[in-house]
Structure formats: C-alpha cells, structure tokens
Amino acid sequence: MINQINIEGKSKIDIAIERLKQFEPKEEPYYVAISGGKDSDVIVKLCELAGVKYELHHQHTTADAPQTVRYIRETYPSCIIDYPEIPIWKLIEKQGVPPTRLMRYCCKVLKEYGGEGRTKVLGVRWSESTGRKNNRKMVELCYKNYTKTINPIIDWTEQEVWEFHQLYNLPHNPLYDMGYKRVGCIGCPQKGKKGMLEDFRRFPKYKENYIRAFERMLKVRKEKGLETTWKTGEEVFDWWINL
C-alpha cells in the first residue's frame, strides 16, 4: 500500500516528498519533465504536496499520440511544450536507419534534451524495466552539462502509482482507458511487434508517415552510395516491425 507506514513512521509518499524538499534548488524552480503518463501525474502532485517551486516541461517527440498532446495541454495549461530541432520523420532520414530497441537514437534526440544545467525531476521507476533497475538512481549527476536529476518515485511499483492516483483523485491520460499500459511514441520499437501493430491499427496515419520517412531514408542512402537490400519504404517497415 502506498500510504503504509514503515518502521520510521513514514510512507512512500512522505519519503518522496522529503526527497523533493531535500534537493530543491535555491536559485530556480525544479525542471519537471512530464510525458503525459501516469508517473508524470504523480510527480506533479508530489511537487505540489512538497510545496517546492517547479516548472513543467514536455518534450514533444512529434510522434506522440494526439490524446497525449491534448491531455497535457488541457490538464497542465502552464506546461511549456518544447519542440525538437528536427522531427522524428526527418531524423530517420538523417540517420539512414530506423530506430530500434538497441539503437534508440530517437530518445536521445527527441526526449532527453532540455533542462541542461538545471535540477530535473523525472518519474523514472525501477520496476519499469531491468535496465532502469540496474542503471538508474534516485539522484543522478551529469558532469558533462552540470545537470542533476531527482527520481522521487524510483522505488514505487505500478500498483502504488495507481493507488496514489486513486488516493488523490488524479486525472490520467485517456490512452490508459483504451487499453494502453504505457504512454509513449506511436510505433516505439520498445513495444515489440504486437504493440507496434496495435499502434498502427489505431493510428494508421502514423504508419503512412513512417513509410514515407523510410522512402526518403532510402533515397538518402542511395545518394550516399550506402549498400542496402531494401527497395521500398514498405520493405523497411516490414523488416522494422518484425525485428
């Protein structure tokens, strides 16, 4: 239970609030990066409960579901929407290969920018993946750009996140009501073939956008003299889906 008291007389909610208070920057507000997912809703509410100063930002990937973009704009009107220098469709063309689970250049360029030199708050949790369990910490420091990241709910489970939603009657992205377990880019390779096909069934225009991007990508590869067995954007798409 999310509000269960430990031997020190504190709940996970209390601990998360203490973390936010402990690392609050003195000269500027927290840079709170929200995706439009359930974890983002939680960290926004926790910042409110902690009484810390914060500024909401959403890194628009250009492949977000329309429901996500609409949800953020309506639920968090003060949120600053940050647009990347290059949309995902042009990024694929520039990279010369589709993004994959092992080559996630899209995340680095489209999602992980912003907040350099600031103290950021994210909704990262260990239970989301083995990679996060092994590599992410509650406090992370990047000496390259002097950025500090606080992950106040890193030790929360998905069940505890939903319990918190219910406890505070928080809103949530309508994609969850459509059966989605996680909110992210349409066609994200991390979802696997089944998840990607479901995305494109619901959002066929995105499939068309990817195929057109792959067509332009092949043209660039040909101009550069790069060897490839793909002949059409459709062939690239079929290969990509079945990885």
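All values below come from the heavy atoms of this structure, side chains included, with hydrogens, waters and symmetry mates left out.
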Student: Hey, is the main chain of G114 close enough, under 3.5 Å, to the side chain of E116 for a donor-acceptor pair?
Tutor: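 Answer holds: yes.
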Student: Ignoring hydrogens and geometry beyond distance, is a side-chain donor-acceptor pair present between N3 and S11 at under 3.5 Å?
Tutor: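 No, S11 and N3 have no side-chain donor paired with an acceptor closer than 3.5 Å.
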Student: Using atom types as modelled and distance alone, determine if a side-chain donor or acceptor of R202 lies under 3.5 Å from a backbone N or O of M178.
Tutor: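 Answer holds: yes.
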Student: Using modelled atom types only, decide if a donor and an acceptor are shared between the side chain of Q67 and the backbone of N173 within a distance under 3.5 Å.
Tutor: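 No: the side chain of Q67 does not pair with the backbone of N173.
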Student: Answer yes when K45 and E48 have at least one side-chain N-carboxylate O distance shorter than 4.0 Å, and no when they do not.
Tutor: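 Judged by the 4.0 Å cut-off on N to carboxylate O distance, K45 and E48 do form a salt bridge.
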Student: Where do K53 and E24 come nearest, in terms of heavy atoms and distance?
Tutor: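 Closest approach of K53 to E24: N-OE2, 3.1 Å.
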Student: Less than 4.5 Å apart, any side-chain heavy atom of I13 and any of L167?
Tutor: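 The answer is yes; the side chains approach within 4.5 Å.
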Student: Is it the case that the side chain of K111 and the backbone of S35 share a donor-acceptor pair, with hydrogens and angles ignored and the cut-off at 3.5 Å?
Tutor: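 Side chain of K111 to backbone of S35, a donor-acceptor pair under 3.5 Å: no, none is there.
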Student: When you group the ILVMFWY residues by side-chain heavy-atom contacts below 4.5 Å and let the links chain together, are V220 and M103 in the same group?
Tutor: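 Cluster IDs for M103 and V220 differ.
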Student: Can you give me the closest heavy-atom contact between A16 and P152, atom names plus distance?
Tutor: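 So the minimum-distance heavy-atom pair works out to CB-O, 3.6 Å.
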Student: Show me the side-chain donor-acceptor pairs of residues 86-98 shorter than 3.5 Å, one per line, residues at least two apart or across chains.
Tutor:
residue : atom : partner : partner atom : Å
E93     : OE1  : R216    : NE           : 3.0

Student: For residues D41 and Y168, is any side-chain donor paired with an opposing acceptor at under 3.5 Å?
Tutor: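 Not at all, the side chains of D41 and Y168 share no donor-acceptor pair under 3.5 Å.
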Student: Considering residues at least two apart in sequence or located in another chain, which fulfil the ring-ring contact (aromatic ring centres under 6.0 Å, His included) criterion with F200?
Tutor: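 By the ring-ring contact (aromatic ring centres under 6.0 Å, His included) rule, F200 matches Y210, F237.
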Student: Does the side chain of P84 reach to within under 4.5 Å of the side chain of T62, using non-hydrogen atoms?
Tutor: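 Contact flag for P84/T62 side chains = yes.
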Student: Which ring-ring contact (aromatic ring centres under 6.0 Å, His included) pairs, counting each pair once, include a residue from residues 103-129, with sequence neighbours left out?
Tutor: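 Counting only pairs at least two positions apart or across chains, no ring-ring contact (aromatic ring centres under 6.0 Å, His included) contact touches residues 103-129.
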Student: Using only atom types and a distance under 3.5 Å, with no angle test, would you say the side chain of Y76 pairs donor to acceptor with the backbone of V44?
Tutor: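 No.
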Student: Could you state the interatomic distance from CE (M217) to CG (L226), rounded to the nearest 0.5 Å?
Tutor: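 Taking CE in M217 and CG in L226, the distance rounds to 10.0 Å.
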Student: Using a strict cut-off of less than 4.0 Å between a Lys/Arg side-chain nitrogen and an Asp/Glu carboxylate oxygen, indicate whether E128 and R182 qualify as a salt bridge.
Tutor: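 Between R182 and E128 there is a salt bridge, with a charged N closer than 4.0 Å to a carboxylate O.
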Student: Is there a path of hydrophobic side-chain contacts, each under 4.5 Å between heavy atoms of I/L/V/M/F/W/Y residues, joining I15 to V52?
Tutor: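 No, because V52 and I15 fall into different hydrophobic clusters, even though each may have its own neighbours under 4.5 Å.
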Student: Answer yes or no: is there an ion pair linking R212 with E215, defined by an N-O contact shorter than 4.0 Å?
Tutor: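 Looking at R212 and E215, the cut-off is not met.
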Student: Kindly write out the residues that satisfy side chain to side chain contact (heavy atoms under 4.5 Å, CB included) with S129, not counting sequence neighbours, or none if the list is empty.
Tutor: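 Per chain and number, S129 pairs via side chain to side chain contact (heavy atoms under 4.5 Å, CB included) with R132.
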Student: Do F203 and V69 sit in the same hydrophobic cluster, where Ile, Leu, Val, Met, Phe, Trp and Tyr count as joined when their side-chain heavy atoms come under 4.5 Å apart?
Tutor: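 No, F203 and V69 fall in different hydrophobic clusters.
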Student: Measure the spacing between CD1 of I81 and CZ of R73 and express it to the nearest 0.5 Å.
Tutor: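 Output value for this atom pair is 6.0 Å.
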Student: Short question: side chain of E163, backbone of I2 - any donor-acceptor pair under 3.5 Å?
Tutor: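 It does hold such a pair.
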Student: Is the closest side-chain heavy-atom distance between I154 and R125 below 4.5 Å?
Tutor: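 They are not in side-chain contact.
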Student: Measuring only between side-chain heavy atoms, which start at C-beta, is Y30 closer than 4.5 Å to L20?
Tutor: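 A side-chain contact under 4.5 Å exists here.
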Student: Answer with yes or no whether the hydrophobic clustering places I72 together with L175; edges join I, L, V, M, F, W, Y residues whose side-chain heavy atoms lie under 4.5 Å apart.
Tutor: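 Result: no, two separate clusters.
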Student: With clusters defined by side-chain heavy atoms of hydrophobic residues (ILVMFWY) lying less than 4.5 Å apart, directly or transitively, does I186 cluster with M196?
Tutor: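 Yes, M196 connects to I186 through the hydrophobic network.
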Student: Test: side-chain hydrogen bond (donor to acceptor under 3.5 Å, both in side chains). Region: residues 222-243. Which pairs qualify, not counting sequence neighbours?
Tutor: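 Sorted result for residues 222-243: K193-N242.
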Student: Is there a donor-acceptor contact under 3.5 Å from the side chain of R101 to the main chain of L243?
Tutor: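 Confirmed, R101 side chain pairs with L243 backbone.
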Student: Measure across T61 and L110 and return the closest heavy-atom pair with its distance rounded to 0.1 Å.
Tutor: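 Shortest heavy-atom contact: O-CD1, 3.6 Å.
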Student: Mind checking ring-ring contact (aromatic ring centres under 6.0 Å, His included) for Y31 and listing every partner two or more places apart, or none if nothing turns up?
Tutor: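 Result, ring-ring contact (aromatic ring centres under 6.0 Å, His included) vs Y31: H57.
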Student: Looking at E158 and K181, is there a salt bridge between them, counting it only when a charged N and a carboxylate O are closer than 4.0 Å?
Tutor: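 E158 and K181: not salt-bridged.
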Student: Within the 4.5 Å heavy-atom criterion, are V139 and Q22 side-chain neighbours or not?
Tutor: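 Answer no - side chains too far apart.
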Student: Measuring only between side-chain heavy atoms, which start at C-beta, is D177 closer than 4.5 Å to H172?
Tutor: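 They are in side-chain contact.
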Student: Shortest non-hydrogen contact from H58 to I34?
Tutor: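 Minimum heavy-atom separation between H58 and I34: ND1-O, 2.9 Å.
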Student: So, for V32 and C47, which heavy atoms are closest and what is the spacing to 0.1 Å?
Tutor: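 Answer, listing the atom of V32 first, then C47: CG2-SG, 4.0 Å.
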Student: Hey, could you give me the CD1/CE distance between I153 and M138, rounded to the nearest 0.5 Å?
Tutor: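 With rounding to 0.5 Å, CD1 (I153) is 12.5 Å from CE (M138).
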Student: With distance as the sole test, does H165 use its side chain to make a donor-acceptor pair with the main-chain N or O of K38 at under 3.5 Å?
Tutor: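 Yes, because the side chain of H165 sits within donor-acceptor range (under 3.5 Å) of the backbone of K38.
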Student: Compare every heavy atom of L49 with every heavy atom of I17, then report the nearest pair and how far apart it is.
Tutor: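 Shortest heavy-atom contact: CD1-CB, 3.8 Å.
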